[in-house]
Amino acid sequence: MGEIFIERKDICRRLMRDVFAVKEGSFGKCYSLIGPNGVGKTTLVRHMAEEFFALNKPHTYYFSTVLEDGCTFWSFWSELILCFSEQIGEEELQASPHYNKRNAEKILSAYCFFDQYLGRIDNDKECMSRAIRFLNGLFADYTRLGIRIIISIDEFDRARTIFQDGQFFQRLFGLTIKGSAKLNLSILTISRRSVGTIAHHMQEGSDLEAAYPPQPLRGFSNEEMEEYFSMYEKELGMEPLPEHIRQEIVCLCGRNPGLLMSMYHEIELLDGKETEISRIYAEHGGFVKKAYDRMCTLMDTEFVDREKKISSMSIFIQQFIGPVYSEKISERVETLYSYGFVTKCELGEKNVFELSGMKEYRDAGKLVYEPLTPYFVDYVKDFVVPEELNTLSGLLEKTERRMRGILCEGMSEKYPDSWEEIVNRDVPKKDDYLDKLRTLAARNDAMARNLSVSKLNVLAFMDYYQIIRNHWDVMEKYFPLYSSLSALKSDMQILNTSRNTSAHLNLEVLNEAGRRGLRETCEFVLKNIETFYTPGAAPASKISGSLMAGKEKEAARESLIGKTVEMVNLELTSTGVLRGTISGTAMGAALSKKHLQEKGVRARDYVGGTVKVRIVRWDQNAGKYNAEWTASS
C-alpha cells in the first residue's frame, strides 16, 4: 500500500501561496518549517512539491536538498548549482520571459566553473574568490530573466554542526527580502529546532529567524484525527474502531502523525485479529518509546529564553506535571506552542485528554495546552523528572524566594517599623555578606529598579527556621499542613543541607534518593505557602470551612495508607496500568504495569472484576492511590 497523506490544510495553503505557486509579479517568501519528530514536515513538503509539479508553472523550478554529514559550504552550493544546470539549461534560459544574453552567459559561465572545480573550491583561495563572485550574482541574474527558483533544505538541524563559522547562515540571510534586494527566490528550511537556536551566533547581528519566520507544524486537528480513524474502515475494510480502542490509540499516540501512522501499520499487520492496543504496545511498542526519547532530547536542547538557561522540557514539566516555579509560565508555554511542542484547542472542542477518555484534565473556561500525547506526560514523569536537574534547581530557588517573601510579609505585618532590627537580633551574623550585597545592589541601581535588599537575602534555611520559631504566632498561618514545629524543622534541615551540599545548585552531587527527597520537601513547603494560604486570609486557627474540609480530606487519605482494601470496577489502560475504585468510596487506585509484571499477574484477566490490594501512597498529580498486589487477591 502506498503512503497515506492527510493534508494539513492551513499550512499547505500558506506555503502554496507564498512559496510554491506565487502570483505573477510577487517575489514570494522564505519560511522555516519546524516541529517535533514525526509530525510530518518532510512528508508535507514532498506532497506539496508533487502538487507544484502538477501545476506545471512555466519558468519556475523546485530543488529539494538535504544537509548530510560530510557536507561543506561549497559542496552544498556546487552540487545545487549543477542541479540548476541540468534543469535550467541554455534552452530554458533562452526561453525565459525577459531573456538577456549577458545575464544568460553569466549563468552559463557559473555552470561551467562549478562543474570544472567541483570538490576543489575549499582548498584553493583564488578558486574560492571566483566562486563567491559567481554565487553573489547568480540568483539576481535568474531574477532578471524572469526565472523563479524554490529550494527546500531538509535536516536543517545539522547546519550548525556542518557550517560552524556562520557563513552558510549569512548567505541564506542575504538571499531573503530582509537581507537583500528582492530576488525571485523562495527557500524553505525544514528542522526540528527553531532556526534561532540553530544559528544563534549569526555574524553582524543579522536575525535569521526574522528572515525565515517559523511555521510550526503541529499534530492533527480534531478533523484530521477523524480522517485518520476513518482510514481503518476505508483503507483496511475494518469495522469502525470501538471507542475504547480509539481512546487507547490517542492515549499512546496523541495527535502525532508519525506515531499514529506507525500504529496504523501495526494494526494493518494483525490480519483481522482482535485489536489489542496494550498487546501491540507490549510486543511492538518500540516505535513509541523511540519517539518519546527523541522528543525528550529535542526539548532538552531547545530553550525558551535567550540566556539558554530554561529548557523547553523544564517548562513542559511545570505545565503538565508541576509545580510551577518559573516566572511568566504562560508566556513560556506559549513559546512551546510556537515551537510545535504542544497544541491547544478552543472551547467546545475536545482536547487530546478527552479524546483519550481522560475528561478530568479539562481546564474549564480556558484554552487548553496539550502535550505530544497523554501518556508522554507519564513517561516524562517516570523517566525524566527524577533526573531533571533544571527543574529541581528552579524548585529550590522558588522555595527559597517564597520563604524570604513570607518572612518579610509576616514580620513587617506585625513589626512594621522594626522588623529588620528584630530579624538581625534573631540571626546576628552574616553582616559582611549583607554589606557586599548592598554595595552590589547600589552599583546596579537597585532602588530605581524597585529591588530591595534585606538581611533575609543572605540567610540559610535554618536561619529562616530560627526566625519562624521565634515568631511562631506570626508565621504559623503559612504552614497549616505541619503538625508541629519539629516537623517543620526537619524539612528546613533537609533544605539547608541540600542547599549546602548542592554547592549553589550544582545538584549533580546529590544522589537519586537525595534529589527525590529534596523535590518532595520543596513541593510540600510550597504547597503550604501557596495552596493553603492567601495573603490577607485569616490565620490557621480561624481558617475557612473549605480549607478545613481540604485538611480533613488529607487526613482521610492518609488513614487509608497501609490498609488492605478491595479495588472494584477494574479496567486496563493502554499503558498496562490496572486501575479501579476503592470499594465503598469514590477514590481511585492503580497497580502499575511494572509492579504487575514483577508479581507475575496477567492484568487483562482481572478487567471488570474485584481484587484486594494494599494502599501504598497517595499520588497527588494523578489524583489516586498507588497500590500493590496482595497474596489474597
Side-chain angles (χ1 to χ4, degrees), residues 1-22 28-55 62 64 66 150-157 186-195 212-232 234-235 246 249-250 253-265 291 294-295 298 334-346 349-352 355 367-373 376:
M1 183 178 293
E3 183 181 60
I4 296 174
F5 176 64
I6 295 177
E7 184 183 12
R8 326 295 280 282
K9 294 183 176 60
D10 290 341
I11 197 163
C12 284
R13 192 181 301 116
R14 176 185 293 272
L15 294 180
M16 185 57 69
R17 180 195 65 200
D18 293 344
V19 175
F20 288 94
V22 177
K29 298 180 180 179
C30 295
Y31 284 112
S32 170
L33 185 63
I34 63 173
N37 314 85
V39 79
K41 303 180 293 295
T42 302
T43 301
L44 180 140
V45 173
R46 185 168 61 249
H47 280 268
M48 293 199 70
E50 291 172 1
E51 186 177 338
F52 159 75
F53 288 131
L55 294 175
Y62 170 70
S64 173
V66 180
I150 305 163
I151 302 170
S152 67
I153 308 177
D154 205 352
E155 295 294 341
F156 193 72
D157 296 88
S186 286
I187 300 177
L188 181 65
T189 66
I190 306 168
S191 62
R192 291 171 290 281
R193 294 175 297 160
S194 64
V195 292
Y212 287 81
Q215 289 296 308
L217 187 59
R218 304 183 181 91
F220 283 155
S221 66
N222 283 12
E223 180 182 351
E224 290 158 352
M225 290 290 283
E226 284 301 318
E227 188 176 344
Y228 165 77
F229 282 116
S230 70
M231 285 172 16
Y232 288 91
K234 290 191 300 186
E235 303 292 337
R246 289 175 53 139
I249 292 175
V250 175
C253 303
R255 300 181 183 277
N256 183 273
L259 287 175
L260 289 168
M261 291 304 177
S262 295
M263 182 61 74
Y264 174 86
H265 179 65
R294 294 178 72 192
M295 184 69 174
L298 177 59
E334 185 66 27
T335 301
L336 298 192
Y337 178 69
S338 72
Y339 291 157
F341 290 171
V342 301
T343 59
K344 60 184 178 181
C345 65
E346 304 289 343
E349 185 179 47
K350 282 189 175 182
N351 64 28
V352 75
L355 292 174
L367 285 173
V368 175
Y369 288 97
E370 304 175 354
L372 174 72
T373 79
F376 182 63

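All of these numbers come straight from a predicted model, not from anything done at the bench. Starting from 1, each residue takes its place in the sequence as its number.
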| task | Look only at the side chain of Lys41 and the backbone of Gly35, and say whether a donor-acceptor pair between them is shorter than 3.5 Å. | result | yes

| Under 4.5 Å between any side-chain heavy atoms of Leu260 and Ile249, yes or no? | yes

| remark: Closest heavy-atom pair, Met261 versus Ile6, reported as atoms and distance to 0.1 Å, is CE-CD1, 4.0 Å

| query | Do Lys344 and Glu334 touch side chain to side chain, with heavy atoms closer than 4.5 Å? | reply | yes

| field | Contact check, side chains of Val19 and Met48, non-hydrogen atoms, under 4.5 Å | value | no

| note | Met263 and Tyr232 have their tightest heavy-atom pair at C-OH, 4.1 Å

| request: Look only at the side chain of Asn256 and the backbone of Leu372, and say whether a donor-acceptor pair between them is shorter than 3.5 Å. | output: no

| message | Less than 6.0 angstrom from the centroid, inside 45 degrees of the normal: does Arg218 satisfy that with respect to the ring of Tyr337? | response | yes

| task | Please name the pair of heavy atoms, one in Ser152 and one in Ser64, separated by the smallest distance, quoted to 0.1 Å. | result | OG-CA, 3.5 Å

| message | Do Val352 and Val250 make a side-chain contact, defined as non-hydrogen atoms from C-beta onward lying under 4.5 Å apart? | response | yes

| note | In short, Pro216 meets Pro214 closest at the heavy-atom pair CD-O, 3.6 Å

| said: Show, in sequence, the C-alpha distance, side-chain angles and deciding distance for Arg193 and Phe156, and conclude whether the side chain to side chain contact (heavy atoms under 4.5 Å, CB included) test is met. | reply: CA-CA 9 Å; Arg193 294 175 297 160; Phe156 193 72; over 6 Å; no

| task | Could I get the full list of side-chain contact (heavy atoms from CB on, under 4.5 Å) partners for Pro36, not counting sequence neighbours? | result | Val39, Met295, Leu298, Phe341

| query | Is there a donor-acceptor pair closer than 3.5 Å between any side-chain N or O of Ser186 and the backbone N or O of Lys29? | reply | yes

| Got Leu355 and Asn222 here, is their nearest side-chain heavy-atom distance under 4.5 Å? | yes

| query | If only atom types and distance count, is the side chain of Asn351 paired as donor or acceptor with the main-chain N or O of Cys345 below 3.5 Å? | reply | no

| Distance-minimising heavy-atom pair for Gly254 and Met225 | O-CE, 3.5 Å

| said: For a 4.5 angstrom cut-off between non-hydrogen side-chain atoms, does Ser221 reach Lys9? | reply: no

| Which atom of Arg192 lies closest to which atom of Asp157, heavy atoms considered | N-OD1, 2.7 Å

| said: With a sphere of 6.0 Å drawn around CD of Glu7, does it hold more than 12 non-hydrogen atoms of other residues, nucleotides or ligands? | reply: yes

| Any side-chain heavy-atom pair from Leu33 and Val45 closer than 4.5 angstrom? | yes

| Test applied, ring-ring contact (aromatic ring centres under 6.0 Å, His included); reference residue, Phe20; option that passes from Phe53, Tyr62, Tyr31 | Tyr62

